[in-house]
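Just so we're on the same page: letters track the sequence lines, and every chain starts at 1. In what follows, every heavy atom counts, from backbone to side chain, and hydrogens, waters and symmetry copies are set aside.
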Protein chains: 2
Amino acid sequence: MTAEAHPTLTKNQKLVFGSLSGAGGPLTAYAILDLLRDSGFRAPLQVYRALDKLVEYGLVHRLESLNAFVACSHKGCSGHGTAAFAICEKCGLVSEFTPDKAIEALRAWTRDEGFHLSRTTIELRGTCRTCAGVS
Amino acid sequence: MTAEAHPTLTKNQKLVFGSLSGAGGPLTAYAILDLLRDSGFRAPLQVYRALDKLVEYGLVHRLESLNAFVACSHKGCSGHGTAAFAICEKCGLVSEFTPDKAIEALRAWTRDEGFHLSRTTIELRGTCRTCAGVS
DNA sequence: TCGGATCGCGTAACATTATTACACATTTAT
DNA sequence: ATAAATGTGTAATAATGTTACGCGATCCGA
């Protein structure tokens with residue numbers, strides 16, 4: 001849970017985090033860039049640099065299977081453990097959750113193997129309750 | 001484990017699967033393309049089409065966090081369930097395993113949520129026993 | 001056995017995602 | 001005050017993935 005404080009955000013980091021928070025869902029780096037052109041952003045690197053830091057601070061997660069980024073759902077987020085994501089392939093809804101049992105099972109494997117874990121990606125693809133119901 | 005037979009592979013599928021099997025580790029689509037130029041491959045699409053099918057048949061896995069592909073480690077593979085991957089960031093070693101407990105825990109979550117699961121990605125990043133020992 | 005439907009294949013062009021290289025500015029610690 | 005570290009801006013380029021189009025082979029029903 002590493003509830004460590006993160007540094008205060010720089011201007012660009014605040015802008016990127018703001019656009020992700022406002023989006024209510026995942027955005028690609030280039031989508032963020034487009035949103036922030038009015039705020040003076042001109043190049044992808046400005047976005048990627050801010051995202052790197054935000055991910056490092058635990059304020060933003062990267063969705064590997066989407067090549068996109070999403071604000072952490074912990075509202076007053078100050079860092080936390082591994083998260084999992086369920087991604088609806090119909091409506092795009094992304095649900096963040098913390099599957100403690102699964103995480104512990106994976107950790108047990110790493111202990112047995114002598115694997116030093118630094119980062120865990122868990123992403124579920126499928127159809128959310130609403131879309132599954134509609135069929 | 002859905003031990004269903006897959007269709008016999010086409011020429012391109014065999015070539016792509018062969019290059020992945022021979023590699024002993026993950027390859028990007030473009031790395032495969034380069035390996036197969038001598039066999040007549042000219043364009044990325046030839047690789048991606050074959051990979052799509054091979055993934056569908058369960059013979060190949062996609063590593064989302066690497067944008068790469070790896071042959072399934074089940075030697076005489078004829079399809080199986082969800083796999084997890086531990087990726088060493090020092091030496092590039094990728095270990096495939098089947099974390100049944102973790103998978104069941106995730107499935108339990110999907111049942112509670114009414115989420116219809118179609119595909120599960122579990123990828124661990126870190127340092128393998130050997131590289132961790134070396135420090 | 002003819003004809004359409006499906007599937008695989010080849011090629012070109014293009015779209016999307018991410019990084020490298022370089023220069024300058026700002027902040028931080030001494 | 002100054003050196004080091006961090007953040008910023010810009011341009012160019014690399015890496016990854018997709019769309020569009022046409023052709024040939026195979027499968028299958030009429």
Side-chain angles (χ1 to χ4, degrees), chain A residues 5-20 23 25-57 59-70 87 89 92 94 119 121 123 125, chain B residues 5-20 23 25-57 59-70 87 89 92 94 119 121 123 125:
Chain A
H6 49 77
T8 55
L9 301 181
T10 67
K11 177 171 144 252
N12 285 2
Q13 289 161 13
K14 272 184 230 167
L15 285 166
V16 168
F17 184 64
S19 61
L20 270 176
L27 293 175
T28 66
Y30 280 76
I32 295 170
L33 175 56
D34 287 340
L35 286 174
L36 293 180
R37 287 206 191 273
D38 292 345
S39 308
F41 272 50
R42 318 296 308 274
L45 192 48
Q46 296 173 290
V47 177
Y48 282 111
R49 285 201 277 226
L51 286 171
D52 281 349
K53 287 300 185 182
L54 293 168
V55 168
E56 182 185 325
Y57 301 155
L59 294 171
V60 164
H61 300 287
R62 180 187 177 101
L63 299 175
E64 301 284 358
S65 67
L66 244 36
N67 291 328
F69 300 84
V70 68
I87 301 165
E89 289 175 324
V94 173
R119 196 157 56 79
T121 297
E123 296 177 20
R125 308 296 293 257
Chain B
H6 49 76
T8 55
L9 302 181
T10 67
K11 177 171 144 253
N12 284 2
Q13 288 160 15
K14 272 184 231 166
L15 286 166
V16 168
F17 184 64
S19 61
L20 270 177
L27 293 176
T28 67
Y30 279 76
I32 295 170
L33 175 57
D34 287 340
L35 285 174
L36 294 179
R37 287 205 192 274
D38 292 344
S39 307
F41 273 49
R42 318 297 307 276
L45 193 48
Q46 296 173 290
V47 178
Y48 282 110
R49 286 201 275 227
L51 285 171
D52 282 349
K53 288 299 183 181
L54 293 169
V55 168
E56 183 185 325
Y57 301 155
L59 294 171
V60 165
H61 301 287
R62 179 186 179 103
L63 298 175
E64 302 284 358
S65 67
L66 244 35
N67 292 328
F69 301 83
V70 68
I87 301 164
E89 290 175 322
V94 173
R119 197 158 56 78
T121 297
E123 296 177 20
R125 308 297 293 258

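Here the closest heavy-atom approach between residue B:S65 and residue A:E64 is recorded as CA-OE1, 3.5 Å. Contact detail for A:I87 and A:E123: the closest heavy-atom pair is CD1-OE1, 4.1 Å.
Where DNA chain C meets chain A (any atom under 4.0 Å from a heavy atom), the bounding nucleotides read 5' to 3' are C:dT17 to C:dA21. Chain B approaches DNA chain D over the interval D:dT16 to D:dA20, counting the first and last nucleotide 5' to 3' with an atom under 4.0 Å from its heavy atoms.
Interatomic distance, A:L15 CG to A:L35 CG, rounded to the nearest 0.5 Å: 11.0 Å. A:F69 contributes atom CZ, which lies 14.5 Å from atom CZ of A:F17 (distance to the nearest 0.5 angstrom). Going from atom CZ of A:R62 over to atom OG1 of A:T121 covers 9.5 Å, rounded to the nearest 0.5 Å.
Looking at which nucleotide of DNA chain C each of B:T10 and B:P44 is closest to, the 5′-most match is held by B:T10. Of the two residues contacting DNA chain D, namely A:N67 and A:A50, the nearest-nucleotide position lying further toward the 5' end is that of A:A50. Where A:Y30 and A:F41 each meet DNA chain D at their nearest nucleotide, the meeting point lying more 5' is that of A:F41.
The backbone N or O of A:N12 lies less than 3.5 Å from no partner atom in the side chain of A:Q46, so there is not a single donor-acceptor pair.
In this structure, A:V60 and A:V16 have side chains that are not in contact, with every pair of non-hydrogen atoms separated by 4.5 Å or more.
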*Between A:D52 and A:R49, does a salt bridge (charged side-chain N to carboxylate O under 4.0 Å, His left out) hold up when you go through it step by step?*
CA-CA 5 Å; A:D52 281 349; A:R49 285 201 277 226; over 6 Å; no
